[in-house]
Amino acid sequence: MSDKLIKILKQKGPIKKVGVIGMGYVGIPAAALFADVPGFDHVLGFQRASSSSGYKIDMLNRGESPLKGEEPGIEELLQKVVKAGKFTCTSDFSRISELDAITLAIQTPFEDPKSLLPDFTALIEGIENVGRHLKKGMLVVLESTITPGTTIGMAKDILEKESGLIAGEDFALAHAPERVMVGRLLQNIREHDRIVGGIDDVSTERAVELYTPVLTKGKVIPMTATAAEVTKTAENTFRDLQIAAVNQLALYCEAMGINVYDVRAGIASLKGEGITRAILYPGAGVGGHCLTKDTYHLERGVTLGIEPLDYPEDAESIYVLARKVNDFMPKHMFNLTVKALERIGKDLKGIKIAMLGWAFLNDSDDARNPPSEPYRDMALQAGCEVSVHDPHVVHYPGIDIHANIDGVLAEADVVVIFTGHKQYFGLTPELIKQKMGKEQPVMIDGRNVVDPDSFINAGFIYKGIGRGDKNNHPLK
Ligand code: SAJ
């Protein structure tokens with residue numbers, strides 16, 4: 001507990017002016033909610049005036065949301081805080097010096113999971129920008145998901161080097177990881193508990209002061225900065241592990257000729273005192289910007305630990321194994337396609353495949369690291385013609401995404417479901433068969449969207465993830 005920082009913060013008084021660096025899925029809702037706090041006077045959103053994303057600055061200053069897809073309440077809130085003069089977006093990073101608190105919500109992708117090398121380029125640039133304009137008594141918070149040890153390590157070092165100030169003495173430093181999902185950004189920030197971890201207690205307290213007014217249902221959970229980093233990376237790693245566990249079970253059920261959804265319902269039925277069964281859903285793969293990389297942040301964090309890890313010598317990390325199982329699912333979808341065509345004496349060359357769903361998450365337009373992409377690559381490699389439909393994803397580099405499903409299904413030999421968009425649950429075998437115009441069309445269901453029997457009865461060759469009870473159905 002540094003008395004010096006306590007004194008500085010006392011003199012400075014409560015947080016009044018806040019800044020957010022990174023106007024994206026995390027930064028925009030965070031900035032709008034801070035600006036809506038009566039006790040905060042003004043919020044600055046910082047965005048580089050780059051050719052790719054500079055357009056966001058003017059949009060935000062008009063109170064318009066540059067975020068794609070449905071985001072309930074974001075447009076209204078932006079309109080409100082811009083009209084009230086409580087929020088401004090700027091590319092002038094020198095204005096950081098005006099603030100009491102600054103948060104960083106910048107993407108932290110992984111350059112190479114194998115070498116556990118994260119790409120912190122954008123994050124480092126952001127931290128350097130803060131360091132250059134840092135003033136005594138300011139609070140700096142990292143919201144990006146980062147390798148455990150980054151806040152008290154790399155971030156602290158850069159801020160001290162750039163500012164000449166001492167963390168914990170002259171300024172406060174903390175990590176408060178985002179926990180948002182597209183489609184419910186504002187709700188998640190308001191209602192989820194907020195993990196807040198300072199490099200020391202003074203920093204934790206100052207960060208608690210920043211986040212508490214934003215929460216409606218959620219509460220602040222204070223801890224150390226490194227514990228907060230592990231909490232975030234581990235909660236996504238655990239989710240990925242749970243998904244891998246049920247994906248493996250699905251593969252086992254296929255091999256044993258049984259229905260994974262019967263087994264899942266059975267397992268989930270065990271309830272009662274102290275029994276929690278969080279069995280998730282098998283599927284065509286795990287995508288997105290979080291589960292696909294946070295495991296590697298955690299793995300890297302333990303290599304930066306204070307002592308060597310004590311772990312079974314010949315055993316691979318179950319977390320990394322889980323990544324491999326989930327990354328295998330698009331390949332499994334491909335194998336199911338090959339096997340289905342073999343049943344009607346066809347191989348992949350010249351086959352036309354209709355892919356339904358490009359987004360990594362149902363009913364969203366978020367197409368970061370979609371499991372559909374490796375499948376498409378394998379099919380093209382094998383000489384197939386592939387058409388992609390998605391009701392929400394409008395644009396994806398190098399791929400034509402069609403909003404009209406008829407054109408995609410036309411003349412297709414195989415239809416593959418990769419995303420569980422609501423729209424697909426209404427598709428009937430008769431309708432699809434008529435559009436495909438094939439006597440023995442193939443249906444590969446990666447999200448348990450269709451009823452196998454109705455498709456089999458309509459003459460489809462059916463295969464579904466975890467449907468060992470149907471995957472070798474008699475041919476009509
Ligand atoms: N998936 C399955 N089976 C399931 C659940 C998901 O195959 O039972 C697949 C989805 O299809 C998708 C991927 O996993 O491709 C990720 O889905 P998700 O629902 O985890 O969505 P994310 O990655 O946007 O959200 C996660 C959430 N983390 C946790 O719940 C621990 C969210 O709370 C985080 O805020 C988010 O990561 C993040 O930003 O870290």
Side-chain angles (χ1 to χ4, degrees), residues 22 24-27 29-30 67 69 71 105-110 143-146 175-195 218 228-251 260-261 264 267-268 277-298 319 322-323 325-330 332-333 357-375 390 392-393 417-421 424 445-449 464-466:
Y25 281 103
V26 176
L67 297 177
E71 276 311 334
I106 296 171
Q107 295 226 0
T108 51
F110 244 82
E143 292 200 2
S144 311
T145 304
I146 44 185
H175 177 54
E178 58 80 14
R179 302 172 111 182
V180 296
M181 281 172 85
V182 288
R184 38 188 188 272
L185 297 172
L186 290 178
Q187 182 196 354
N188 285 167
I189 296 176
R190 285 179 172 134
E191 300 183 1
H192 282 337
D193 290 345
R194 191 75 193 221
I195 308 293
E229 291 160 338
V230 172
T231 302
K232 173 61 191 186
T233 49
E235 72 185 13
N236 275 347
T237 300
F238 274 39
R239 184 170 176 79
D240 196 49
L241 187 61
Q242 285 168 314
I243 298 168
V246 71
N247 276 336
Q248 182 153 339
L249 182 63
L251 298 174
V260 71
Y261 293 95
R264 188 184 172 282
I267 294 175
R277 285 280 177 279
I279 181 161
L280 297 180
Y281 293 89
V286 169
H289 180 62
C290 313
L291 273 59
T292 52
K293 70 167 174 51
D294 290 355
T295 297
Y296 301 115
H297 276 301
L298 184 61
Y319 304 146
R323 283 278 68 238
V325 171
N326 290 336
D327 281 350
F328 171 72
M329 297 315 282
H332 179 58
M333 288 288 284
W358 192 257
F360 84 86
L361 214 54
N362 43 310
D363 306 323
S364 97
D365 72 332
D366 198 330
R368 289 174 289 177
N369 304 320
S372 40
E373 186 160 24
Y375 175 91
D390 195 290
H392 304 289
V393 179
I417 299 180
F418 254 86
T419 318
H421 293 310
Y424 299 147
D445 186 354
R447 298 288 175 187
N448 200 35
V449 165
I465 297 260

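Counting starts at 1 for both ligands and their atoms, following the listed order.
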For [atom], grab the closest protein heavy atom and report residue, atom and distance to one decimal in Å.
{"atom": "atom 32 (C) of ligand 1", "answer": "M181 CG, 3.3 Å"}
{"atom": "atom 7 (O) of ligand 1", "answer": "R447 NH1, 3.3 Å"}
{"atom": "atom 28 (N) of ligand 1", "answer": "N236 OD1, 2.7 Å"}
{"atom": "atom 1 (N) of ligand 1", "answer": "I243 CD1, 3.6 Å"}
{"atom": "atom 39 (O) of ligand 1", "answer": "C290 SG, 2.9 Å"}
{"atom": "atom 9 (C) of ligand 1", "answer": "G285 O, 3.9 Å"}
{"atom": "atom 19 (O) of ligand 1", "answer": "R239 NH2, 2.9 Å"}

Test of proximity, [X] against ligand 1: N or O pairs below 3.5 Å:
{"X": "E178", "value": "yes"}
{"X": "V180", "value": "yes"}
{"X": "E235", "value": "no"}

Practice task
Find out whether Y319 and Y296 are in side-chain contact, i.e. whether some heavy atom of one side chain is under 4.5 Å from a heavy atom of the other.
Solution key: no
Do you know which two heavy atoms are closest between [X] and [Y], and how far apart they sit?
{"X": "L241", "Y": "A322", "value": "CD1-CB, 3.6 Å"}
{"X": "R323", "Y": "L291", "value": "NE-O, 3.3 Å"}
{"X": "A244", "Y": "N326", "value": "CA-OD1, 3.1 Å"}

Would you mind telling me if ligand 1 is within reach of the side chain of [X], the backbone, both or neither, using heavy atoms under 4.0 Å?
{"X": "L361", "answer": "side chain"}
{"X": "K232", "answer": "side chain"}
{"X": "M329", "answer": "neither"}

Handout entry: Interatomic distance, N247 atom CG to F328 atom CZ [nearest 0.5 angstrom]
Key = 10.5 Å
Handout entry: Gap between atom CD of E235 and atom CD1 of I195 - 0.5 Å precision
Key = 6.5 Å
Who's closest to [atom] heavy-atom-wise, of [options]?
{"atom": "atom 4 (C) of ligand 1", "options": "Y281, F360, F418", "value": "Y281"}
{"atom": "atom 16 (C) of ligand 1", "options": "A359, G283, G287", "value": "G287"}
{"atom": "atom 26 (C) of ligand 1", "options": "L291, V246, V26", "value": "L291"}

Exercise for the section: Determine the interplanar angle of the H421 and H392 rings, folded into 0 to 90°, and report it as parallel if under 30°, tilted if 30 to 60°, perpendicular if over 60°. Expected result: perpendicular
Problem - Ligand-residue contact atoms, ligand 1 with L280, heavy atoms, under 4.0 Å - result: 8 (O)
Fill in the blank from the handout: The atoms of ligand 1 lying under 4.0 Å from a heavy atom of R179, numbered in the order shown, are 33 (O), 35 (O)
Handout entry: Donor-acceptor pair, side chain of H297 and main chain of T108, under 3.5 angstrom
Key = yes
Exercise for the section: Salt-bridge test for R179 and E191: reply yes if a basic N is under 4.0 Å from a carboxylate O, no otherwise. Expected result: no
Handout entry: R368 charged N/C atom sitting above F360 aromatic ring, 6.0 Å / 45°
Key = no
Problem - Worked check of side-chain contact (heavy atoms from CB on, under 4.5 Å) between V393 and T419 - result: CA-CA 11 Å; V393 179; T419 318; over 6 Å; no
